[in-house]
Amino acid sequence: MEHVETRFLIGASFCHGFAVACLGMLWSIFRSRRWGLEATTSLTRTSLVSNLICLLVFPQAKNNFADSNPEVDPAHFQPLGSWTSDKLNASRKENPFMMTFDSGSARHNVPNMTHGEGVYLYDCHGKQYLDWTSQAVCANLGHDIPKALVDAAAHQMTQLPFVYGGMGVTEVRTRLNQLISEILPGDLRAAVYPSSGAEANEAGIMMARRFTGRQKVISWYRSYHGATANAGAATGDYRRWYGSDGVPGFVKAFNPFPLFFTHGGKNASEEEQVQAALNMLEEQILNEGPDNVASIVMESVVGTGGCLVMPPGYMQGIRALCDEYGILMHIDEVMVGFGRTGKLFGFQNYEGVMPDIVSTAKGITAAAIPMSMTACNEEIMEFFADKPLGWGSTYQAHPVAMAVAYENIKYLIQNNIVGRVAGMAPLFEACMQKLANDHPCIKQYRAIGMFGCFDVQTLSGANPKLQHEAAHDAFAKYKAAFIENGLVGLHRFPHIHCAPPLSITEEELIDGFQRLDRALDVLDDALGF
């Protein structure tokens, strides 16, 4: 009966559209002849024929006209949680949506998640998954967030759900701004509150260019800063290739971890490698023209590029180069800010390093709602006291998002989440080391706080997936085993990231590594070890 009704509606819609097109074209022909516009008649006839062909080949599927109320599926008015798995899958098939860094058809392989408890997610079949990467390294408090965050959002929605940033200042904006300025080290001050990490980096890049009067921005090849225009151009990995390479003013440099050569030569000590990397960077600055470079943008700990912790002296050397040439040091804390590394901010792991600009997101709300923040030092803040920043968005400083961020940060402080991460870091690294020792497919690992990464190798010790290459078949088998063992997470092969929620218990952490251990057995076999 439902299918008959659907066919009837489509048929009726087609007939209506067909009749309207015919009448419209006939009136056009009559009008042309009536007023002696014979020259337009042949064109009108052609237009009529083409319109009729379009209607025959591409019939109207929806009877949603500008002067009528749209017709929608009545099931939309059922409460959330009432659609069956079959209904969800059918809708997803009939109403496709795009994926971001995967093909659109990949949506059919993504489970329908229904709810979460702590570090676990559950799909529509009741299967449990331990969230092994806190989604995109952002759901830092797991999946049943503190009630204070929920209450804060509800309160703000009730009191004042939205006010445009330039038309009114809410209480929560003032309070959050004070709180963040109190927890930021040095003379850093919160400046603007966008909605995403990419936007936070956009604001920071604009800030640097406006403050210095320069246009060039240096960033690393092994990096990711977002997918908007300037953030995408600052990005170094393959995602830049999708459309950001043509944005002017961005220069790429090698950080201390190139794939096919060693700074300072094969036998160089770590100190010599660091100095060689800094020498190369300085030469690039000189060749680009120091007076043309506004900022150097870098992640304090490179995230999707492999959890790269900068070696001793490197970040201090960058700070010195920036000071020497009047370049701003812009640290991207989007992934590791707010506790991931066992410090409130990742750059605090490098003694004596104080950036000029800091961008954060993800952990600022534990991913409960979109929110980010860009901070700057007092000199930059004062510079803009009598001039506009030149960057903005409708939802900058959104009151509901700020209310959630405010309660989240207070929760981090009250429950010493950063200290908790530092306390669990030794167990986390011990588990990383055990798996690296037990699995020949793992070449090496890196870990800091509750953030770690394994590098996968082939039998010959080579990298099994370069950026321009498709993933090895072995990774498909590993991913299936990963899911089968009840893990869900972000995959950026040939790296295997480990970044569970910061709220995870020791028992859950050990269980997660045991699940990963079984998945790595499959990867060992698939790679021929």
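Please read these numbers as outputs of a predicted model, since none were measured by experiment. Side chains are part of it too, since the values below use all heavy atoms of this structure and drop only hydrogens, waters and symmetry mates.
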[X] vs [Y] side-chain heavy atoms within contact, under 4.5 Å:
| X | Y | result |
| --- | --- | --- |
| L520 | I442 | yes |
| N415 | R420 | no |
| M402 | M371 | yes |
| W132 | F482 | yes |
| F475 | V456 | yes |
| D455 | H495 | yes |

Under 3.5 Å, side chain of [X] to main-chain N/O of [Y], donor-acceptor pair present?
| X | Y | answer |
| --- | --- | --- |
| N437 | Q433 | yes |
| Y350 | M310 | yes |
| K443 | G461 | yes |
| T235 | A231 | yes |
| N287 | E283 | yes |
| E202 | W391 | no |
| E333 | F347 | yes |
| S134 | C138 | no |
| Q457 | P440 | yes |
| T133 | V137 | no |

To the closest 0.5 Å, what do you measure between [atom1] ([X]) and [atom2] ([Y])?
| X | Y | atom1 | atom2 | value |
| --- | --- | --- | --- | --- |
| L328 | R214 | CG | CZ | 8.0 Å |
| Y193 | I364 | OH | CD1 | 7.0 Å |
| Q178 | I180 | CD | CD1 | 11.5 Å |

- Item | Step-by-step side-chain contact (heavy atoms from CB on, under 4.5 Å) determination, L179 to Y406 | CA-CA 8 Å; L179 178 61; Y406 187 55; 3.7 Å; yes
Which label fits [X] and [Y]: parallel for a plane angle under 30°, tilted from 30 to 60°, or perpendicular past 60°?
| X | Y | answer |
| --- | --- | --- |
| F451 | H497 | parallel |
| Y478 | H491 | perpendicular |
| H398 | F162 | tilted |

What do you reckon, is [atom1] of [X] surrounded by more than 12 foreign heavy atoms closer than 6.0 Å?
| X | atom1 | answer |
| --- | --- | --- |
| F513 | CZ | yes |
| K479 | NZ | no |
| E469 | CD | yes |
| Q128 | CD | yes |

- Message: With side-chain contact (heavy atoms from CB on, under 4.5 Å) as the criterion, how do M424 and I504 come out once you've worked through the C-alpha distance, each side chain's angles and the decisive distance to 0.1 Å?
- Response: CA-CA 10 Å; M424 290 187 68; I504 197 169; 4.2 Å; yes
Among [options], which residue meets the side chain to side chain contact (heavy atoms under 4.5 Å, CB included) test with [X]?
| X | options | value |
| --- | --- | --- |
| V334 | T360, V358, N201 | N201 |
| H143 | M113, Q135, E117 | Q135 |
| E199 | S393, P370, S359 | S393 |

- Y120 and Y129: aromatic ring centres closer than 6.0 Å? no
- Task: Using distance alone, with no hydrogens and no angle criterion, decide if N279 and H263 have a side-chain donor and acceptor under 3.5 Å apart.
- Result: no
- Message: Can you see whether Y445 engages E429 through a side-chain donor-acceptor pair at a distance of less than 3.5 angstrom?
- Response: yes
- Item | salt_bridge(D245, R240) N-O dist < 4.0 Å | yes
- Taking the six-membered ring of F384 (Phe, Tyr or Trp), confirm whether the NZ or CZ of R210 is under 6.0 Å from its centre and within 45° of its axis. no
- Face-on cation placement of K387 at F383 ring, 6.0 Å and 45° thresholds: yes
- Task: Give the intermediate values and the outcome of side-chain contact (heavy atoms from CB on, under 4.5 Å) for residues R340 and V421.
- Result: CA-CA 7 Å; R340 174 61 59 182; V421 172; over 6 Å; no
- Query: Would R319 and D356 satisfy salt bridge (charged side-chain N to carboxylate O under 4.0 Å, His left out), going step by step from the backbone distance to the final call?
  - Reply: CA-CA 10 Å; R319 178 69 271 178; D356 301 300; 3.0 Å; yes
